[in-house]
Structures are given as structure tokens and as C-alpha cells.
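Just so it is clear: chains get the letters A, B, ... in the order the sequence lines come, proteins before strands, and each one is counted from 1. Quick caveat: nothing in here was measured; it's all calculated off a predicted structure.
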Amino acid sequence: MAGVTHLPCDTLGVCMVCKATPSDEEKLTCKTCVSYWHVACLSSPPATMAETVVWRCFDCLELSSLYASGKAVLKGSGELIPEIKPIAADASLTEQAKDKSRQELLTGKADASNEEGKGEWNKDVFDILSGSLNCSFCIQIPERPVTTPCGHNFCLKCFVKWIGQGKKTCANCRSIIPPKMASQPRINSALVFAIRMAKISKNNTAGGPSRICHFVHNQDRPDTAYTTERAIRKGKANAASGKIFVTVAQDHFGPIPAENDPVRNQGVLVGACWEDRLECRQWGVHFPHVSGIAGQSNYGAQSVVLSGGYVDDEDHGEWFLYTGSGGRDLSGNKRTNKTQSFDQKFEKYNLALKVSCMKGYPVRVVRSHKEKRSSYAPEKGLRYDGVYRIEMCWQKEGLQGFKVCRYLFIRCDNEPAPWTSDDHGDRPRPLPQIPELKDAVALCERKGSPSWEFDEEDSRWKWKKPAPPSQKHTKSADPNEIEGARRAFRKAQNMSVRARLLREFSCLICTQVMVSPVTSPCAHNFCKSCLEGAFAGQAFVRDRSRGGRSLRSQKNVMKCPACPTDIADFLQNLRVNTELKGLIESLKTKAEEENEDASGNKDGAEEESDETAEAGKDEENSTEKLNDSSAGESDVKEQKSGEVEVANEVEDADVKCDGKRKRDDTEELVPKKEDSKKARGG
DNA sequence: ATCCCGTGAGTT
DNA sequence: AACTCACGGGAT
């Protein structure tokens, strides 16, 4: 190692340079690998709060510049190429350069930068966003945006970090942040969508990358679950499933591709939402009606649902820790039971998950609104979030005192997750740091190479080994049903721009596009006036509220019109989310302009008959600029095409999870007490 | 918050 | 075919 020594703190928090044990305040966290560094031993510590938040250690800076120059690649297993060493201290990176490389990492535009003028791309997006939509910490477009009740938008990570430092007020305006929001911030999905729209619309005019991934919200529901004769009084609770619309086998692994979607010919795209489990089932994403795991113990698990049923679950978006099933007394007529009364074992569904782990199969992941402890859960219903791989599994003592099976899921999908505004899917990422591993029992890791793997040449995840042959017959959908569904779907596809805006940015009260949006602490968006109107005449405080010093005046509970959260405090001082407002306005304007450009053509398209629409979605894309392209997303079917073999011989290296791997940058900035094993120093 | 149903897939 | 098991969901 050359020149100045740069080393982080070790497992015990001891600085490896000066051997002191710095306090939390004296330590700095690398934004990328979440390692801790003693500020006093840094040659050039960050000067401002904003810099602190985005600070990256020397290893990671070097790494990102290697990425940018195309010299570094990730191995399929997710392991970082080892020859990357701490570089000579002052990597001579200016703040600008840091920002640039960070942004390149974020947007995946690394190697497209200066050539072909694509470097301007990000700048253009900023322009569209009027430069106004910035997280105050990192001065970037907010990643996983959360909105404070005072109407300011931040990256989830930056916000969590801020709260983690004991801050109780908004970093922008010093308004108090409600404790509930502080402890459980929810991503503002309307804002995510707005950012994506801005990117896409920019992209379409600037000739950027052509393949933008689709983001779907509610599908049409051409057929719903039905109530059988027998259960006539029980309504939907005991309904039987409606038709299955896709033609995949029940033990199909991976995304649902377009060729198995005769209804829409697009497959199930990331971000697809459903009302309930039966509907989710109809699209072939997760077949069981109640169970959270779909799988067979001798074959593998195809999908899971995160529904908050198990308190041990821990959700970090791109990765999460899942708890196995069982361990509960379901005798009598219980279907679920939150309390555990015996140990879980690796059998049945838990064994199925383990098989998927060992084989490296892609596992579809669905998140439910019932998971209240996750920032990534949808507001209502269920949402398909793409495929993940189970990198390892083990047992631990659960929070309820019995053993639970544990699974580390890491996202590996070719489409971006619903909470990011990235325009690309996942790249292989390192294992996150998992404190509970130090107490893990029966730890299992994959031995061979995974079946579902990132292909560097194609920059896509694919089957590197053939997908396991189905053991079930493939369901075929009823042609009549398909035709009906198809019509409804085409109609939805031809929605006007305004209808689209409406769908994404509608006020939950007036159902119109929000004029002056306010965001509640529970992350629901309304027009300011609508929300005011909804509570007009209601007093905030009961009785003796008058003279400013009423001692025990009782606050009235005022429930959010969209959920049970008490938003009385929020209502007292409604603040417009000006950034979101501006964004909606500019999208509106832009959409109208494009509407006019396409003029007569466009009107025709809206009234277009089903038959003409049959011509395909490509055509729709051209008439509808804001419609993201769905073409090109159907090629998830490389299974048996022959070139699989070639890829296989490249390496069969075992997957190890110790030492060498860097930690994931998606790790939450949380207390850092128990660092079981630091992935450093090796 | 609690009760308890019909359902459907896995397993025997 | 019988039996077990399951992170739903409407009704009370």
C-alpha cells in the first residue's frame, strides 16, 4: 500500500489507523459500502452535512471510477473483482467528479457519459424537474422519495440518516417531523412516478436510451373471483379464484413473459398491482390463496409474498430478510396465527425456499399493503416487485423465542424496482451486512453457480442453466375470456394523457389531478383545498382549547381520508408540496404540447377500434409519448435456446459469502452496534 | 380486534 | 381421495 494509509474501523469499531475507538459522532459512514471510518484519520474529511451524507470511502470511489472507465466488471456471483485496492490517498477527485460518478452509478449511465452527448441526459432530466426537485442533503433528485408533512422531499436514505442522528425537524424548514413518519417513512409513490414520467418524456424527445421499462399500476380486471353457491353468504372472503389469465405452469419460475400472456401480450411487469390475493393469483404471479410461499419441497419455491405476517421480516427494498412458515398452532379453524409456539424447520415450504436458494432460481416477490413496517410496501393491495434470488438461508432464534428459518433475498430483475426512478434493472450487488448471522444456525449457501445469473455481455439477468422443467401441466386460458380481457386492456392502453395523469396524481378526495398537492405523514396525496374541506368546521381541540395554555385540552382525532392515521397535527398547518406541484404542472404542459403535435392522429387513436389496436403496442407508443415502451421486455425466455451452454463453462466458482464481498449500498443507515463480521481487511 | 369461513396446493 | 397446511378477508 502506498503513501497515506486509509483504513476503516474494524469489527469492534477500532480505527485501524490510530487504534482508537471513535464515538459515533467521530465516525463517518461510506455511502456505498457502509463501512465506518474515523474522521480524524481521514486526509480530507467532508466539510458539509451534504457531503457527509454522500461520502464514499476511497475503495468505493476507486471502484466507481473503474466502472466509469469500463475497467471493472462484476462477477456474476456478486463478488467484486478483488484487485481493487485502496488507492493512493488523494484520488484527486473534485467534488464535482464525485457527484458525477455518484450520479453515473445511480443512473447506470456510467459508460455512456461523454460520448454521443448522452452525458447531457441527466442534466436534461434535472432541467425538466426545473432543478427544483432536490433532496436537500445530497442535492440530487430524491431516490425513493419521502415527503415530510411540511412538503419537502428527501431521499429515503438521507431522511433515515437524518433521523438517525436524532434530528426531529425538517432539514429544510425546521418544522417538526411527526414521530410516526420519522420511525416509519413511506415512499411517496406519486413522486416516484412523476420522476419517471419526467425522465421518460425527456428521453423520448432527446433520443436517449430506447428501452425504458414499463411501470404499471392497476391492471384491468376483466374477470374477478367468484362466490360459489356454497359460500354465497360469505362474499369475497371465501371466494373461489377467477380465471387464470396467463399460460404459465404453476411451478413456473421467474418473470411471467409476454408469450404466456395472451390477454395483453406483455407479460406481468414489475409494478403490477392487484386488489387481493386471488387477483394476484389470476396473473400467475403467486398461486396460493393464503400461503405466503409458493413452492414444492422437492423442487423449489417460485414466489413469496411479504405481508407482515411474521415479525422477524426485515425489508430493505432491493434486499430483505424473509421468515419461513410454520411454527404456529393453526388448529381449529385458524388460517393464520401471529404467535409462534414451536420451532420452524427446513421442511415443506421452507425446504422449497431452500432449494431455490441452493439452485439460484429466480423467486418472484409480491409486497402487500399489510406489511406496515416496510417503507416499500404498497399503499393498498398487492404489488409485483420483480424477481429476487435467495443468496443464503439459516435459522435463528425468532423474536418470539422460537427458531425461525431465515432467507436473504436479493433483487435480480431486469426491470427497475417500483420505488426507484432508475431506468434500468438490477446489477449484481454485494451481500448486505447481516448482524444476526453471528448467531445463525444451520447456515446454508449455494455451492454451485446459480441458475439465474447476470450476463455481462447482455447486461441482463438470464437463465444460465436451463430453468427446471415443469412438473405440472400448463394451464391454458379460456379463449372467450381472453378476448374480453383483451378489449378492456386495449381500451386502457389508449387512455388519454390526462387520464394517465389522473390515475397517478389524482387527489384521493376529488379524484381530479391534484392542483396544490399536500402529502400526509402517511404518504397520501390530496389537494390542499380538498383536505381542508374534508375537515371544515371540525375543531382540532376539544373544549378549553382557547387560551394558549390549556393544560390538558384533548386533541381531536382526525383520520386521514385514505387510512386510519391520525393527521390532526398535519391538518393544522397544511403545506403544499411545491416540488410535486411543479412537476405535475410541467408534465401536464408537456403532455398537452405533445398532444397537439400528434394532433388529428392522436384523437383518432383514442377512438380507435379494437381491431386496429391489434396492430400492437408499438404503434401505441408512437401515438402516446408518455406511454413507456413495453417492447423488448418479452425476451425473458433464453432457457433452452442453446447458447446457454456457452455461458456455463465460464466459471463454476463456488459462491462464498465471507470476507471478500463488499457490503451493499442499499443498507439502511441504522445503529451500528453489532457488526458480526466486517467484510473488510481481507 | 376477533371470529371463522371456503379455498387450493402440497403431501400422504 | 383424504388429509394437512396456509403471511385472507368479510362479518361481527
Can you tell me how far P of C/dG8 sits from CD of A/Glu371, to the nearest Å? 11 Å

Starting at atom NZ of A/Lys348, determine the distance to atom P of C/dA6, rounded to an integer number of angstrom. 6 Å

Nearest nucleotide by nearest heavy atom, which residue falls closer to the 5' end of DNA chain B, A/Pro288 or A/Thr336? A/Thr336

Under 4.0 Å from OP1 or OP2 of B/dG8: is there any side-chain N or O of A/Ser291 that close? no

Counting only side-chain N and O atoms of A/Ser241, is one of them less than 4.0 Å from OP1 or OP2 of B/dT7? no

Can you find a side chain N or O atom of A/Gln296 that sits less than 4.0 Å from OP1 or OP2 on B/dA9? no

A/His289 has its side chain closest, among C/dC7, B/dT7, B/dA9, to B/dT7

Between the side chains of A/His316 and A/Glu318, does any donor sit under 3.5 Å from an acceptor? no

Between A/Phe245 and A/Trp283, ring centroids under 6.0 Å: yes

Integer-rounded Å distance: C/dG9 C1' and A/Arg277 CZ: 11 Å

How many Å lie between CG on A/Asn333 and P on B/dC4, as a whole number? 6 Å

For A/Tyr299 and B/dT11, what is the distance between atoms OH and P respectively, to the nearest whole Å? 13 Å

Starting at the 5' end of DNA chain B and moving along, which residue's nearest nucleotide shows up first, A/Asn298 or A/Val290? A/Val290

What is the nucleic acid contact for A/Gly295, judged by heavy atoms within less than 4.0 Å: base, sugar-phosphate only, or nothing? sugar-phosphate

In this structure, which stretches of DNA chain C are paired as stems of three or more consecutive Watson-Crick or G-U pairs, both distances less than 3.5 Å? B:1-5 with C:8-12, B:7-12 with C:1-6

Answer yes if the ring centres of A/Tyr376 and A/Phe320 are under 6.0 angstrom apart, and no otherwise. no

Select base, sugar-phosphate, or nothing to describe what A/Gly309 touches, counting heavy atoms under 4.0 Å on all strands. base

Students often get this wrong, so: under 4.0 angstrom with heavy atoms, is A/Thr323 touching a base, only sugar-phosphate, or nothing? base

Distance in angstrom units between A/Arg281 CZ and B/dA9 C1', rounded: 9 Å

If you measure only the distance, is there a donor-acceptor pair under 3.5 Å linking the side chains of A/Asn525 and A/Asn188? yes

Taking OP1 and OP2 of C/dG8, is either one under 4.0 Å from a side-chain nitrogen or oxygen of A/Lys370? yes

I'd like to know if the side chain of A/Asp312 pairs up with that of A/Thr323 as donor and acceptor (distance under 3.5 Å, no hydrogens or angles considered). no

Whether the side chain of A/Asn238 and the base of B/dC4 hold a donor-acceptor pair under 3.5 Å is what I'd like checked. no

Are the ring centres of A/Phe253 and A/Tyr299 closer than 6.0 Å? yes

Reckon A/Lys338 has a side-chain N or O less than 4.0 Å from the OP1 or OP2 of B/dA1? no

Using atom CD of A/Glu347 as one end and atom P of B/dG10 as the other, report the distance to the nearest whole Å. 16 Å

Just checking, is any N or O donor in the side chain of A/Gln302 or A/Gln250 under 3.5 Å from an acceptor N or O on the other one? no

Could you check A/Phe409, A/Trp394, A/Tyr388 and say which one makes a ring pair (Phe, Tyr, Trp, His ring centres under 6.0 Å) with A/Tyr322? A/Phe409

Interatomic distance, A/Asn337 CG vs C/dT4 P [rounded to whole Å]: 18 Å

